[in-house]
Amino acid sequence: MNFKEKLEHARKYRKISITELSYKLGIKQSSYSRFKNNNSTTNVITLTKICKTLLISSEYFLDFTNTIKEIKPLNIDNYYNIRLKETREYEGIKIKEIANYIGISIQQYTRNEKGINTMNLDHFKSACEYLNVSPDYILGLSNKKENLNNKRRSK
């Protein structure tokens with residue numbers, strides 16, 4: 001399933017209408033329809049709101065799992081840039097390495113760690129794979145720093 005299909009499946013799993021989900025996400029129903037239909041780019045902030053609203057792991061939406069995993073999110077907002085930097089530094093990974101793996105410039109990656117920019121979902125998924133850490137941890141949806149059991153690969 002792609003993101004659009006998983007979003008619809010999760011919404012129906014939680015028995016929430018499009019109107020109610022749009023309201024809880026703080027967006028217009030037309031905006032919800034645009035990113036649900038892949039006409040708008042979804043970023044990590046929007047993904048975090050979706051996960052917190054539906055109480056479903058980001059691992060489901062990012063294709064790390066095909067089954068819905070329920071979560072109890074932490075009370076942290078926009079925490080991903082801090083955990084992204086902390087995890088990279090803890091693993092001893094240079095910015096150049098991870099930026100090259102993701103396929104973005106060093107400047108773009110640095111702006112993400114500083115919270116100036118927000119990664120799109122493809123870049124975020126690649127960062128989690130390279131760091132070998134659960135996206136739920138980076139997004140502040142969990143305090144468990146679980147590995148994805150991936151080996152770092154070069155692109």
Side-chain angles (χ1 to χ4, degrees), residues 1-88 90-91 98-99 101-104 108-150 155:
M1 280 193 276
N2 61 28
F3 181 81
K4 169 184 136 179
E5 294 165 334
K6 286 190 173 193
L7 180 58
E8 274 303 287
H9 181 253
R11 182 185 63 78
K12 289 175 182 174
Y13 175 82
R14 287 292 184 206
K15 298 177 180 151
I16 295 176
S17 70
I18 292 172
T19 304
E20 183 181 359
L21 182 56
S22 299
Y23 175 78
K24 288 183 176 189
L25 293 174
I27 60 174
K28 293 179 181 177
Q29 196 169 334
S30 59
S31 297
Y32 173 84
S33 296
R34 272 197 306 275
F35 74 73
K36 181 192 74 131
N37 292 319
N38 294 330
N39 295 331
S40 178
T41 305
T42 305
N43 62 37
V44 294
I45 302 302
T46 304
L47 176 64
T48 304
K49 287 180 182 179
I50 290 168
C51 293
K52 285 182 175 182
T53 300
L54 296 174
L55 301 175
I56 292 176
S57 170
S58 63
E59 292 176 10
Y60 175 69
F61 295 106
L62 294 173
D63 295 325
F64 289 117
T65 182
N66 288 324
T67 57
I68 288 179
K69 181 172 137 186
E70 296 186 11
I71 60 163
K72 294 179 183 172
L74 307 171
N75 217 3
I76 302 169
D77 287 326
N78 302 337
Y79 199 66
Y80 94 97
N81 58 313
I82 296 166
R83 284 197 169 169
L84 192 65
K85 182 177 181 177
E86 286 176 352
T87 303
R88 180 188 56 77
Y90 179 80
E91 295 294 329
I98 193 165
Y101 181 82
I102 294 170
I104 61 176
Q108 284 176 302
Y109 184 83
T110 302
R111 291 175 65 87
N112 280 285
E113 279 194 356
K114 290 181 177 179
I116 298 167
N117 289 356
T118 304
M119 283 186 187
N120 70 37
L121 295 187
D122 290 334
H123 292 154
F124 180 66
K125 181 179 179 183
S126 293
C128 291
E129 288 172 343
Y130 196 76
L131 295 169
N132 192 25
V133 65
S134 166
D136 287 344
Y137 175 77
I138 298 294
L139 293 175
L141 300 172
S142 169
N143 263 337
K144 287 185 180 180
K145 194 174 182 179
E146 296 176 352
N147 290 342
L148 291 173
N149 297 319
N150 292 334
K155 274 191 172 180

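Values below: all heavy atoms of this structure, side chains included; hydrogens, waters and symmetry mates excluded.
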Stepwise side-chain contact (heavy atoms from CB on, under 4.5 Å) test for Leu54 and Phe61 | CA-CA 12 Å; Leu54 296 174; Phe61 295 106; 4.2 Å; yes
Backbone of Thr53 reached by a side-chain donor or acceptor of Arg14 within 3.5 Å = no
Taking only residues two or more places apart in sequence, or in another chain, which ones meet Thr65 in a side-chain hydrogen bond (donor to acceptor under 3.5 Å, both in side chains)?
-> Thr67
Side chains of Glu146 and Asp136: closer than 4.5 Å at any heavy-atom pair?
-> no
Using salt bridge (Lys or Arg N to Asp or Glu O under 4.0 Å) as the criterion, list what pairs up with Lys125, not counting sequence neighbours.
-> none
SG on Cys128 to CG on Leu84, rounded to 0.5 Å | 7.5 Å
In Å, rounded to the nearest 0.5 Å, how long is the span from CG of Asn81 to CD of Glu86?
-> 10.0 Å
Do we get Lys69 above Phe64's six-membered ring, with its NZ or CZ under 6.0 Å from the centre and within 45° of the axis?
-> no
For Asn112, check side-chain hydrogen bond (donor to acceptor under 3.5 Å, both in side chains) against everything at least two apart and list the hits.
-> Tyr80
Walk me through it: do Met119 and Ile102 pass the test side-chain contact (heavy atoms from CB on, under 4.5 Å)?
-> CA-CA 10 Å; Met119 283 186 187; Ile102 294 170; 4.2 Å; yes
Pairwise distance CE(Met1) to CD(Glu8) - rounded to 0.5 angstrom | 11.5 Å
How many angstroms lie between CG in Asn43 and CG in Asp122, if you round to the nearest 0.5 Å?
-> 12.0 Å
Answer yes or no: are there more than 12 heavy-atom neighbours, outside Lys145 itself, under 6.0 Å from its atom NZ?
-> yes
Of all heavy-atom pairs between Gln108 and Ile104, which one has the smallest distance, and what is that distance?
-> OE1-CB, 3.3 Å
List for me each residue that meets salt bridge (Lys or Arg N to Asp or Glu O under 4.0 Å) alongside Lys24, sequence neighbours excluded, and say none if there are none.
-> Glu20
Do the side chain of Glu5 and the main chain of Asn2 share a donor and acceptor less than 3.5 angstrom apart?
-> yes
Between Tyr101 and Glu129, which heavy-atom pair has the shortest distance, and what is it?
-> OH-OE1, 3.7 Å
Side-chain donor-acceptor contact under 3.5 Å, Tyr130 with Glu91 | no
Worked check of side-chain contact (heavy atoms from CB on, under 4.5 Å) between Phe3 and Ile50 | CA-CA 12 Å; Phe3 181 81; Ile50 290 168; 4.0 Å; yes
How about Glu59 and Pro135: do any of their side-chain heavy atoms sit closer than 4.5 Å?
-> yes
Please identify each residue that fulfils side-chain hydrogen bond (donor to acceptor under 3.5 Å, both in side chains) with Gln29, with sequence neighbours left out.
-> Thr19
With rounding to the nearest 0.5 Å, note down the distance linking CD1 in Ile138 to CZ in Phe124.
-> 6.0 Å
So Lys52 and Leu139, side-chain contact (heavy atoms from CB on, under 4.5 Å) or not? Walk me through it.
-> CA-CA 10 Å; Lys52 285 182 175 182; Leu139 293 175; over 6 Å; no
With sequence neighbours excluded, tell me which residues meet ring pair (Phe, Tyr, Trp, His ring centres under 6.0 Å) with Tyr109.
-> none
Mind checking the CG-NE2 spacing from Asn117 to His123? Nearest 0.5 Å is all I need.
-> 11.5 Å
